[in-house]
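One structure is given below, encoded as structure tokens.
As the structure is a prediction and not an experimental result, all values here were calculated from the model.
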Amino acid sequence: EAQVTQNPRYLITVTGKKLTVTCSQNMNHEYMSWYRQDPGLGLRQIYYSMNVEVTDKGDVPEGYKVSRKEKRNFPLILESPSPNQTSLYFCASSLLIAGANVLTFGAGSRLTVL
Amino acid sequence: AQRVTQPEKLLSVFKGAPVELKCNYSYSGSPELFWYVQYSRQRLQLLLRHISRESIKGFTADLNKGETSFHLKKPFAQEEDSAMYYCALRSHTGKLIFGQGTTLQVKP
């Protein structure tokens with residue numbers, strides 16, 4: 001089944017403890033992106049990637065890192081999480097061809113930083 | 001600057017009433033515009049896109065370049081339409097930008 005898989009789905013951690021949220025897609029998509037969703041603020045882009053080894057900052061990249069060493073994986077790294085990073089995170093991917101560039105979303109990862 | 005604006009955080013209507021969710025954009029080129037929907041406890045998914053000029057679940061959206069708008073409309077709202085709706089713009093570089101989202105609440 002074509003899908004975007006995120007892990008973990010739920011995580012409670014403490015300030016400063018490094019964590020990684022994995023994202024994997026099996027559709028050979030070039031484009032991958034991370035978003036956070038907060039009440040009243042909608043979806044805000046953290047980082048995105050157009051292809052392997054190509055990553056760019058979105059609107060709210062502070063406190064996050066990403067890597068794109070393989071086409072299928074796009075992990076989100078929080079080196080030193082803080083409470084303001086408590087949020088619902090979504091990974092998404094798509095082709096970049098016009099007309100076929102609809103985003104497929106993961107199920108979301110709910111992160112709580114104490 | 002590229003921007004997508006959804007002015008209403010919450011839109012509440014009664015079943016059977018017409019619905020219009022507003023979306024305005026700022027973009028210097030020819031944008032690709034989309035509406036995504038998030039039903040309760042489900043993943044975000046595409047509702048429709050302007051290049052397809054289609055009607056999905058009774059919803060339509062017309063790109064108005066003069067007014068830089070891409071409003072989502074449905075003549076008769078149903079309770080199952082209750083969800084969060086996001087307008088999105090894809091730039092020529094491939095980057096996808098979302099609006100702040102509008103929660104549609106359809107009351108019985």
Side-chain angles (χ1 to χ4, degrees), chain A residues 1-6 9-10 23 25 27 29-52 54-61 66 68 74 87-110, chain B residues 1-11 21-27 29-54 56 61 63 83-105:
Chain A
E1 181 188 353
Q3 60 184 352
V4 176
T5 304
Q6 297 178 226
R9 294 287 314 282
Y10 302 91
C23 175
Q25 50 93 4
M27 297 166 282
H29 286 169
E30 301 96 350
Y31 184 87
M32 296 187 76
S33 183
W34 276 103
Y35 300 88
R36 59 179 290 175
Q37 185 180 40
D38 302 288
L41 298 176
L43 277 173
R44 294 182 292 167
Q45 191 174 49
I46 303 170
Y47 271 94
Y48 64 102
S49 169
M50 296 293 193
N51 215 323
V52 176
V54 180
T55 61
D56 282 293
K57 294 178 181 179
D59 298 316
V60 288
V66 293
R68 188 91 183 273
F74 191 46
S87 187
L88 179 57
Y89 292 87
F90 287 100
C91 181
S93 72
S94 76
L95 294 171
L96 283 173
I97 305 167
N101 55 4
V102 174
L103 275 181
T104 300
F105 280 86
S109 296
R110 187 168 292 282
Chain B
Q2 301 163 10
R3 186 174 295 139
V4 177
T5 304
Q6 295 177 248
E8 303 137 329
K9 285 188 177 178
L10 173 66
L11 184 62
L21 288 84
K22 290 183 167 45
C23 172
N24 289 93
Y25 67 90
S26 172
Y27 186 65
S30 292
E32 275 192 88
L33 286 153
F34 306 81
W35 277 98
Y36 283 84
V37 61
Q38 187 178 28
Y39 299 104
S40 179
R41 297 177 186 170
Q42 292 188 29
R43 302 183 187 211
L44 273 149
Q45 57 188 285
L46 177 74
L47 180 61
L48 54 78
R49 46 188 163 169
H50 89 272
I51 61 171
S52 300
R53 302 184 67 83
E54 57 200 344
I56 303 292
L63 177 59
M84 175 77 108
Y85 291 80
Y86 286 98
C87 182
L89 177 154
R90 194 128 208 181
S91 71
H92 68 282
T93 64
K95 183 179 176 182
L96 193 69
I97 305 159
F98 284 88
Q100 301 93 322
T102 299
T103 298
L104 174 63
Q105 187 181 75

Checklist entry - If you round to the nearest 0.5 Å, how far is OH of A/Tyr35 from OH of B/Tyr86? => result 11.5 Å

Next on the checklist: For A/Leu103, is there any backbone N or O sitting under 3.5 Å from a side-chain donor or acceptor partner on B/Tyr36?
Outcome noted: yes

Checklist entry - What distance do A/Gln37 atom CD and B/Met84 atom CE have between them, rounded to the nearest 0.5 Å? => result 5.5 Å

Checklist outcome for this item: In this structure, NZ of B/Lys9 is separated from CG of A/Leu41 (nearest 0.5 Å) by 6.5 Å

Item to check | Option in A/Gly40, A/Ala92, A/Ala107 with maximal non-hydrogen atom pairs under 4.5 Å from chain B | outcome: A/Ala107

Next on the checklist: If we define contacts as heavy-atom pairs under 4.5 Å, which of B/Thr103, B/Leu96, B/Ile97, B/Thr102 has the most with chain A?
Outcome noted: B/Leu96

Item to check | Residue, of B/Arg41, B/Gln42, B/Gln45, B/Gln38, that accumulates the most heavy atom pairs under 4.5 Å with chain A | outcome: B/Gln38

Next on the checklist: What part of A/Leu43 gets within 4.5 angstrom of chain B, counting heavy atoms only: side chain, backbone, both, or neither?
Outcome noted: both

Checklist entry - Does the side chain of A/Val102 reach to within under 4.5 Å of the side chain of B/Arg90, using non-hydrogen atoms? => result no

